[in-house]
Novice: 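Handing you this structure, nothing more for now.
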There are 2 protein chains.
Amino acid sequence: MARPRQFDEETVLAAVRDQFWTAGYAATSLEDLLRVTGLGKGSLYAAFGDKRRLYLRVLGDYVEATHNTLRAVLADAPRAIDGLRRYLTAPAADPTGAAALRGCFLANSTSEMAAADADVLSASHGAFEERTGILAEAVARAQREGDFSADADPRHAARAIVAAQQGIVFMGRTGIDVTELRAVAETLADQVLPAAPAR
Amino acid sequence: MARPRQFDEETVLAAVRDQFWTAGYAATSLEDLLRVTGLGKGSLYAAFGDKRRLYLRVLGDYVEATHNTLRAVLADAPRAIDGLRRYLTAPAADPTGAAALRGCFLANSTSEMAAADADVLSASHGAFEERTGILAEAVARAQREGDFSADADPRHAARAIVAAQQGIVFMGRTGIDVTELRAVAETLADQVLPAAPAR
DNA sequence: CCAGTTCTTGACCATGCGGTCCATGACAGC
DNA sequence: GCTGTCATGGACCGCATGGTCAAGAACTGG
C-alpha cells in the first residue's frame with residue numbers, strides 16, 4: 001500500500017456505465033472508455049481487468065443500485081399500489097424523452113448480449129427473478145391494503161408487471177412520441193394493476 | 001447480362017438475417033457473413049453493398065414479411081380477438097424456448113442500434129407505427145364482433161398490445177422458463193384484451 | 001530522508017476488421 | 001465457336017482494435 005489511486009472508483013465506474021449504456025458493449029472501444037474516464041490503459045486494466053470484466057462489473061452494480069431504488073420507492077409509497085404504478089410509468093416520466101430513448105442499461109445489455117454471453121444471460125435472468133420477488137411482495141401488500149384484485153397470484157401479477165414495464169421501456173427506445181409513451185404507460189398500468197372490486 | 005448469379009438471393013438474405021439475428025450486428029464479422037452465405041467478398045459487396053446496407057436490407061425485408069404474416073393471421077382468425085391473442089402468446093409458443101431466447105429480429109436491432117443509428121431508429125419507429133395501425137384495425141373489428149371492451153380507443157389499445165407483446169418477447173430473452181413465459185403471456189393477454197361486459 | 005511498493009503513462013504489439021480491386025472463368029448472344 | 005460481359009474468389013490494404021509491458025513517478029511508512 002504505497003501510492004493511493006488518483007481516481008475515484010465510483011466516478012470511474014459511473015462514467016464507464018454511461019458509456020456502455022449509451023453506445024452498447026460492442027460499439028464501445030477501449031479508447032472510448034479511456035476518454036470517458038480520463039484513465040490510462042494500464043490503470044484501467046490493473047484496476048478492473050479487461051473490457052468484459054469491467055462490463056460485468058458495472059452491470060452488476062447497476063442492477064444492485066436499481067433494485068435498491070425500487071425497494072426504497074416501494075417502501076416510501078404510502079400505499080403499495082402507488083409504488084407499483086410509479087414503477088410502470090417511470091420510463092415515460094422524463095418530458096424530453098431522452099431517458100426513454102436511452103432505455104434501461106440492463107435491458108439493453110440483455111438484448112445485445114444475453115444470447116451470446118452466458119454470464120450476461122445469467123446476470124439478466126437473476127436480476128429479473130429478484131425484481132419479480134420484490135414486486136410480488138409489493139403486490140401482496142397492495143392486496144392487503146385493498147388496492148389490488150385479491151384473487152390474483154402475487155408472483156404471476158409481478159411477472160406481468162415486469163413484462164409490461166419492459167414493454168414500455170422498449171417502446172421508448174423506438175423513438176415513440178413522449179406523450180404517446182405516457183399514454184401507453186397509463187393504459188398498461190390500469191390493465192396490469194387490476195383494482196379490487198368496490199365493496 | 002452475361003453470366004447469371006450462382007446464388008439464390010432469397011436464400012442468401014435469409015442466411016444473413018439469421019446470422020445478424022442470433023449474433024447481432026456488431027458481433028457479426030464480414031467473415032461470418034461469407035461463411036454463412038458461402039459467397040466470396042466480391043460477390044456479396046457487388047450484390048448488396050457494404051455490411052450496413054445489407055443489414056438495413058434484411059431488416060426491412062424482415063419487417064415486411066412479419067407484417068404480412070400478422071395481417072394474414074388476423075385475417076384468417078374467425079374472430080379478431082383470436083388473432084390478437086395469438087399475436088400476444090406467439091413468443092411463448094415454441095416449447096423448447098429456443099425461439100423465445102432468440103427474440104425478435106426487429107426488437108433486437110432496435111435495442112442494439114436505434115440509439116446510435118438514425119436509419120435503424122427510423123426503420124424501427126416506422127415498423128411499430130405500422131404494426132400499431134394493423135392491430136388497431138383488428139381491435140376495431142373485435143369491438144364490432146362484441147369481443148372487446150367497446151369504450152376503448154382502438155389505437156390506444158393497439159399500442160398497449162404492442163408494448164405488452166414486446167415485453168413478453170423481452171422476457172423470453174432473459175432465459176425465463178418457458179412455462180412461466182407462457183403464463184405471463186396468458187396473464188398479459190387477459191389484461192390487455194379487455195372483454196366487453198356480458199349483456 | 002530513504003526504501004519499498006504501488007500507480008501511472010504511453011509506447012508497443014499482434015490481430016482481425018471492413019473494404020477494395022483485379023485476374024480468372026463462366027455464361028449468353030450472335 | 002467466338003466475343004463481350006459480368007459474376008466470382010481471393011489476394012491485398014490500411015486501420016483501429018483489445019491487450020501487454022516496462023520504465024518512471026508519486027506516495028507511504030519508518
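Values below: all heavy atoms of this structure, side chains included; hydrogens, waters and symmetry mates excluded. Every chain is numbered from 1, with letters handed out A, B, ... down the list of sequences.
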Novice: Going by heavy atoms closer than 4.0 Å, what residues in residues 21-36 of chain A are next to DNA chain D?
Specialist: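 Hits under 4.0 Å, by residue number: Thr28(A), Ser29(A), Leu30(A), Glu31(A).
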Novice: Output the rounded distance in Å from OH (Tyr45(B)) to P (dA11(D)).
Specialist: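 It is 17 Å, rounded to the nearest whole Å.
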Novice: Does Tyr25(A) have any ring pair (Phe, Tyr, Trp, His ring centres under 6.0 Å) partners at least two apart in sequence or in another chain, and if so, which?
Specialist: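 Here the qualifying residues are Phe20(A), Tyr55(A).
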Novice: Heavy atoms under 4.0 Å is the rule here; annotate nucleotides 8-13 of chain C 5' to 3' with B where the base is hit, S where only the sugar-phosphate is, and - elsewhere.
Specialist: SBB---
Novice: Quick check: are there more than 12 heavy atoms from other residues, nucleotides or ligands sitting under 6.0 Å from CZ of Arg86(B)?
Specialist: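 Counting other residues, nucleotides and ligands, CZ of Arg86(B) stays at 12 neighbours or fewer.
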Novice: Quick one: do the Ser29(B) and Asp32(B) side chains pair a donor with an acceptor below 3.5 Å?
Specialist: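 Yes, a side-chain donor-acceptor pair sits under 3.5 Å.
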Novice: Would you indicate whether Arg53(B), at its atom CZ, is surrounded by more than 12 heavy atoms from other residues, nucleotides or ligands within a distance under 6.0 Å?
Specialist: no
Novice: Is the closest side-chain heavy-atom distance between Leu193(A) and Gln191(B) below 4.5 Å?
Specialist: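 They are not in contact (no side-chain heavy atoms under 4.5 Å apart), so the answer is no.
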Novice: Calculate the interatomic distance between Phe48(A) atom CZ and dT20(D) atom C1'; express it in whole Å.
Specialist: 19 Å
Novice: So Val162(A) and Gln165(A), do their side chains get closer than 4.5 Å, heavy atoms only?
Specialist: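 Not in contact.
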Novice: Would you call Arg182(B) and Asp94(B) a salt bridge, taking side-chain N to carboxylate O under 4.0 Å as the test?
Specialist: no
Novice: Looking at side-chain heavy atoms only, is the closest gap between Ser111(B) and Arg173(A) below 4.5 Å?
Specialist: yes
